[in-house]
Amino acid sequence: MKCLLSFFMLIALSCQSQAQSKLNFFLAPNLSGGINTHTAKIFPSSGLRWETDPAYFDTFEDGKSRIPFHIKAGLDVGLSWKERIYLFTGFAYTARFDEGYPSCDICDMAPPEFTTSLQYDFLEIPIGLNILLTKDKRANPFIGASVFYTLATGDDPYASWAWQYRAGTSMPLANQWSLQTSLYWQRNPSVLEQPYYIFRELGLQVSLVKVFGKSTAAD
């Protein structure tokens, strides 16, 4: 909760900057992809959970297991101050791919001979902030953070708030376009209220950022 309050205080401070300089609207379509840094924990509303730990897969398919991963596409919209501070929201559609088999603590269930490929799709709505550490160079480093709401689009109502932290570079292009690439780490809390889907992920995001209008204030 303290981290959440600090994050929104930072957003409020950035919004106060509009009294000092012109704010510009921006759009940023983006693509992302990554892998799990920890085993996903999946507990559907049916009462059966999915075992996704690779340690369980040694007896399946000659010990072969797939690497869980995710891919996403999204669009961020927001305000840019001096083209250095970017405050945004938007949406992303994320597909998460795991490998597992059903398990139950209170029932006598023998593990199947083969694992099952699992896919869950999520709609994610972020509130985020990026801060460029330099400006007007060929590659400008930046840091950022987001809190986002993630809601599964399938039958199981997996829903949670999650965090993302990132660091990357922004390369200016022509006509107020820039290309941003960043490495990110994201997670949601380890709540165990059924149903739940707990993830820990590392990934790479590529964004095309278009700023409409240009700040007239001196930097």
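Positions are given from 1 along the sequence.
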Inspect the contact between Glu83 and Lys210 and indicate whether a charged nitrogen and a carboxylate oxygen are less than 4.0 angstrom apart.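 Result for this pair is no, no salt bridge flagged.
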Is Glu201 paired with Arg187 through a side-chain N to carboxylate O contact shorter than 4.0 Å? no
Cation over ring, Arg96 on Phe69, under 6.0 Å and within 45°? no
Just by distance, no angles: are the side chains of Thr153 and Asp121 close enough, under 3.5 Å, to form a donor-acceptor pair?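 Per modelled atom types, Thr153 and Asp121 side chains form no pair under 3.5 Å.
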Identify, with sequence neighbours excluded, every residue that meets side-chain contact (heavy atoms from CB on, under 4.5 Å) alongside Val206. Leu179, Thr181
Are the side chain of [X] and the backbone N or O of [Y] linked by a donor-acceptor pair below 3.5 Å?
| X | Y | result |
| --- | --- | --- |
| Asn130 | Gly128 | no |
| Lys135 | Lys82 | yes |
| Thr89 | Pro126 | yes |

Identify the residue among Leu208, Val211, Val209, Val77 that makes a side-chain contact (heavy atoms from CB on, under 4.5 Å) with Leu27.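 Single pass found, and it is Val77.
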With respect to Gln186, which candidate in His70, Arg166, Arg200 satisfies the side-chain contact (heavy atoms from CB on, under 4.5 Å) definition? His70
Can you confirm whether more than 12 heavy atoms, excluding those of Glu193, are under 6.0 Å from its CD atom? no
Ring centers of Tyr158, Tyr120 separated by less than 6.0 Å: yes
Flag the pair Tyr86 / Phe26 as yes when their ring centroid distance falls below 6.0 Å, and as no otherwise. yes
Are Ile67 and Ile71 grouped together when hydrophobic residues (ILVMFWY) are joined by side-chain heavy atoms under 4.5 angstrom apart?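 Same cluster: Ile67 reaches Ile71 through Ile, Leu, Val, Met, Phe, Trp or Tyr contacts under 4.5 Å.
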Parallel, tilted or perpendicular: rings of Tyr165 and Trp163 (30°, 60°): parallel
Spatial distance of atom CG (Asn36) from atom CZ (Phe97) [nearest 0.5 Å]: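 These two atoms lie 12.0 Å from each other.
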Measure the spacing between CD of Glu124 and OG of Ser160 and express it to the nearest 0.5 Å.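 With rounding to 0.5 Å, CD (Glu124) is 8.5 Å from OG (Ser160).
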Check: Tyr149 and Ile127 side chains under 4.5 Å, non-hydrogen atoms: no
Candidates Asp156, Thr150, Asp98, Asn188 - the one meeting side-chain hydrogen bond (donor to acceptor under 3.5 Å, both in side chains) with Tyr197: Asp98
What heavy-atom pair brings Lys72 and Tyr184 nearest, and what distance separates the two atoms?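 Minimum heavy-atom separation between Lys72 and Tyr184: CE-OH, 4.4 Å.
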